[in-house]
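Structure first, commentary second.
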Amino acid sequence: MPKSFYITTPLYYVNDQPHIGSSYTTIIADIISMYRRMRGDDVFFLTGTDEHGQKVQQAAEKNGISPMEHCDIYATRFQELWSYFNLSNDDFIRTTESRHVKVVQQVLQMLFDKGEIYKGSYEGWYSVADELFISEKDHEKGNYRDVRRINETNYYFKMSAYQDQLIEYINEHPDFILPVNRKNEILGFLKRPLKDLCISRPKERLAWGIELPFDSAYVTYVWFDALLNYITAMGYLSDDAKFQTYWPAVHLIGKDILTTHCVYWPTMLMAMKIPLPKTVFAHGWWTSEGQKMSKSLGNFIDMEAIQAYCDNVGKDVYRYFMAKEGPLLNDSDFSKERFYQIYNTDLANDFGNLVNRIFKLIKKYYDNKIPLPGDPGKEEQAMKTAADVCQNTIMAHLEKLHVNAIATEAVAYVTSINKYLEKTEPWKLAKTDPDKAATVLYTALASLRFSAALLYPLLPEKMTEFFTMLNNGDTPGTLIDWDGLKSGRELGEMKALFPRFDMKLLDEE
RNA sequence: GGCGAAGUAGCUCAGUUGGUUAGAGCAGCGGAAUCAUAAUCCGCGUGUCCGGGGUUCGAAUCCCUGCUUCGCUACCA
């Protein structure tokens, strides 16, 4: 029985274009999914779009289209980008879909019936112009226009009732909130009394949302609606077998939405009597030229720019770069210099060049056929053992979601193949001891093949090309046996997988 | 203001419970080699481990303090 594994990205809000941040989260989730599948796990990878709420309504009005038309346009942009990168998500959920809306309403009704949701009122300063409640201080400062005192009746979720239970849960489950600094942040947040969560908006203020099943004058607060996607997409209240198989999830999120995922969401689940997510992993942000990315600073990297880099060296390289250099624990800086630098050192110099040297030697001395190895010596045994160690290490990193360590590990193994060649010098042996040269080249190629399999989730297109060149009949995306290289088979046509990028071209851009 | 994290080679960072000459990758310099995409391999870092004080036989690692940066959170003018 394969182990099930459910991983999600946040549902991206359709108020904005996809950008480097959303692409990062989604690509990392894809990479984790692919390694898991490679290992034989039964993976479900979910992403999608969050489509209700005020900002969507306003943006649609501004553009003179309906909210639904607006959502269709933006949801398509996300879908197109994910398909541009060939991501392997098993589903793409939109919160406007009826399968989601229906279940959200059932959940609301259930919680209302159980008394988890109650009607209450709030009096405060409300800015009609900005359509939001403001604090006493903001009102005094006079930062907002058209402010009036209003008393609004709304529905509240008894979030405060779960405060102690949540704190206890976090303390007892060290992997629930990762990395650990985020966990501390939430525990700090929970030192103060939690308030109940207002989960409704009166329709006169906001119409674009899911109607409360027990009061048609209101729609659901957008976060309460959006968070539920993680279970509505997974068959909650619609496909119990599916839900039981995959839930609980690993949620991959950015640090900006930590509170919603580590306070709102778990307390909602507690009220529903559903097990909490296995892990909420909050990564950092990409910076650009050392600063927070912003359109006004002019250092914003949009997806068009990234696609231009991809045109130069291949889409896979962006995946690889995301995985290796991404802001998993801390923020990371994105620069095109670094992007091409990593490409050249890891991919062109280490892997690409290694492919060439091995293939050309085999072509020259063994008629382009994979040579038959003799008995392995000490060095050959070491290469094989190191392959196993490398694979195990990568899988251990995967378990901890330490994606950035995976590339480093795989490349270190590639480097060791280069070292092995330097030590054994098959180009000399070919003339003096052809049998030994055959063993060496076989070993080098077997190791290279193994490394390609390990790199596959990071570079799926490039590694597929490699396996085609190798012509060994391997299935990309599966774990392989080091000894599975078939002597006597003719190598396919060789081409440069990772042509070196001339850094001088950077100045011309 | 409170709470928390961080400050280690030019850059990005590792440094487990305090213990021998503080490490890796990249960049740089020198060399070897020439099978290969001027790629590869080898060699090269005496760095006030942010400053100051303390504990200890011994601290990057523990304690106090100061400075700087960042995060969360609260609040005053």
Side-chain angles (χ1 to χ4, degrees), chain A residues 135-138 140-141 177 179-195 254-260 262-263 282-287 289-292 313 321 324-335 337-366 368 371 397 402 404-405 407-432 434 437-438 440-441 444-445 448 462 469 494-504:
Chain A
S135 69
E136 198 70 33
K137 290 284 168 273
D138 281 331
E140 282 170 20
K141 282 186 200 165
I177 303 173
V180 69
N181 54 328
R182 303 295 168 205
K183 177 176 112 172
N184 293 337
E185 204 174 303
I186 289 297
L187 285 172
F189 180 83
L190 289 171
K191 277 179 188 160
R192 290 167 183 282
L194 213 49
K195 283 189 275 188
K255 64 181 183 180
D256 49 323
I257 50 175
L258 188 69
T259 308
T260 51
C262 298
V263 179
H283 63 69
W285 282 346
W286 283 100
T287 57
E289 291 161 40
Q291 285 185 303
K292 190 172 164 179
V313 290
F321 186 80
K324 183 163 191 207
E325 298 280 298
L328 202 64
L329 302 177
N330 304 111
D331 291 354
S332 297
D333 200 54
F334 188 97
S335 77
E337 286 79 9
R338 185 101 179 135
F339 178 82
Y340 289 120
Q341 186 74 252
I342 294 282
Y343 170 74
N344 276 345
T345 57
D346 286 9
L347 302 178
N349 297 355
D350 286 355
F351 189 89
N353 180 53
L354 179 62
V355 174
N356 265 26
R357 47 196 319 208
I358 296 174
F359 271 59
K360 285 197 177 167
L361 282 166
I362 291 177
K363 186 169 189 178
K364 189 167 174 185
Y365 294 109
Y366 295 93
N368 210 32
H397 288 313
H402 288 171
N404 45 10
T408 306
E409 206 59 46
V411 168
Y413 185 63
V414 172
T415 300
S416 78
I417 306 171
N418 270 317
K419 287 186 211 272
Y420 169 71
L421 288 182
E422 292 296 327
K423 203 178 287 176
T424 51
E425 300 180 308
W427 48 90
K428 285 184 184 165
L429 287 176
K431 292 161 192 160
T432 58
V440 167
L441 287 175
L445 190 60
L448 180 63
K462 294 288 189 179
M469 272 167 55
M494 198 187 74
K495 61 169 196 161
L497 276 180
F498 300 105
R500 193 178 162 77
F501 180 80
D502 185 355
M503 296 298 275
K504 283 177 202 146

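Any value given below was found using the heavy atoms of this structure, including those in side chains, with hydrogens, waters and symmetry copies removed. Quick caveat: nothing in here was measured; it's all calculated off a predicted structure. Chain naming here is simple, since letters A, B, ... match the order of the sequence lines and numbering starts at 1 in each.
In this structure, A:D333 does not pair ionically with A:R338, as no charged nitrogen and carboxylate oxygen lie closer than 4.0 Å. The residues A:E422 and A:K419 are annotated as not salt-bridged, no charged nitrogen and carboxylate oxygen being separated by less than 4.0 angstrom.
Separation of the P atoms belonging to B:G58 and B:U73 is 44 Å when rounded to the nearest angstrom. The C1' atoms of B:G23 and B:G15 are separated by 7 Å, rounded to the nearest whole Å. Going from the C1' atom of B:A22 to that of B:U61 covers 11 Å, rounded to whole Å. Taking atom P on both nucleotides, B:A9 is separated from B:A14 by 12 Å, rounded to a whole Å. B:G28 and B:A38 have their P atoms separated by 16 Å, given to the nearest Å. Spacing of C1' atoms, B:G45 relative to B:U8, comes out at 13 Å, to the nearest Å. Straight-line distance between the C1' atoms of B:G71 and B:G10: roughly 28 Å, to the nearest whole Å. Between B:G7 and B:C50, the distance separating the two P atoms is 7 Å to the nearest Å.
Taking every side-chain heavy atom of A:R357 into account, B:A36 is the closest of B:A36, B:U73, B:C26. Between B:G71, B:U34, B:C35, one nucleotide has an atom nearer to the side chain of A:K428 than all others, and that is B:U34. With B:U37, B:U73, B:C41 as the candidates, the nucleotide lying closest to the side chain of A:N418 is B:C41. Nearest nucleotide to the A:T415 side chain, out of B:C72, B:C41, B:A36: B:C41. Checking B:A36, B:U34, B:C26 against the side-chain heavy atoms of A:W427 singles out B:U34 as nearest. Of the candidate nucleotides B:A36, B:A74, B:U37, B:U37 has the atom nearest to the side chain of A:R500. Closest approach to the A:Q341 side chain among B:C26, B:U37, B:G71 is made by B:C26 (side chain taken as heavy atoms from C-beta onward).
The distance between atom CD of A:E325 and atom P of B:G25, rounded to the nearest whole Å, is 15 Å. Residue A:L497 contributes atom CG, which lies 17 Å from atom P of B:A36 at whole-angstrom precision. Between A:E425 atom CD and B:A32 atom P there is a gap of 15 Å when expressed in whole angstrom units. Going from atom NZ of A:K364 over to atom C1' of B:U34 covers 10 Å, rounded to whole Å. If you measure from atom CG of A:N184 to atom C1' of B:G2, you get 16 Å, rounded to the nearest angstrom. To the nearest angstrom, P of B:C70 lies 16 Å from CG of A:N181. The distance from atom CG of A:L445 to atom P of B:A36 is 17 Å, rounded to the nearest whole Å. Distance, A:D346 CG to B:A27 P: 10 Å, rounded to whole Å.
Residue order along RNA chain B, read from the 5' end via each residue's closest nucleotide, puts A:K324 first among A:K324 and A:E185. Each of A:N356 and A:E422 was assigned the nucleotide of RNA chain B with the nearest heavy atom; the assignment lying further toward the 5' end belongs to A:N356.
Base-pair partner of B:U46: not found among the strands shown (Watson-Crick or G-U wobble, both distances under 3.5 Å). Base-pair partner of B:A5: B:U69 (Watson-Crick or G-U wobble, both distances under 3.5 Å). As the counterpart of B:C57, B:G19 is assigned, both hydrogen-bonding distances of the Watson-Crick or G-U wobble pattern falling under 3.5 Å. The base-pairing partner of B:C41, taking Watson-Crick or G-U wobble contacts with both distances under 3.5 Å, is B:G31. Base pairing of B:G10: its partner is B:C26, meeting the Watson-Crick or G-U wobble criterion (both donor-acceptor distances under 3.5 Å).
Taking side-chain N and O atoms only, A:K419 has a distance below 4.0 Å to OP1 or OP2 of B:C42. Taking only side-chain nitrogens and oxygens, A:N349 comes nearer than 4.0 Å to OP1 or OP2 of B:U40. Distances shorter than 4.0 Å separate none of the side-chain N or O atoms of A:K191 from OP1 or OP2 on B:A74.
Residue contacts shown for A:N330 are absent, as no nucleic acid heavy atom lies under 4.0 Å away. Residue contacts for A:Y365: at a heavy-atom cut-off of 4.0 Å it reaches no nucleic acid atom on any strand shown.
Across all their heavy atoms, A:L328 and A:P179 have their closest contact at O-CG, 4.4 Å. Scanning all heavy atoms of the two residues, the minimum distance from A:L497 to A:K462 falls at O-NZ, 2.9 Å. Across A:M494 and A:F359, no two heavy atoms sit closer than the pair SD-CB, 3.3 Å. The two residues A:N404 and A:K324 have their closest heavy-atom pair at CB-O, 3.7 Å.
A distance below 6.0 Å separates the ring centres of A:Y340 and A:F501.
Aromatic ring orientation, A:W286 versus A:F321: parallel (interplanar angle below 30°, classes split at 30° and 60°).
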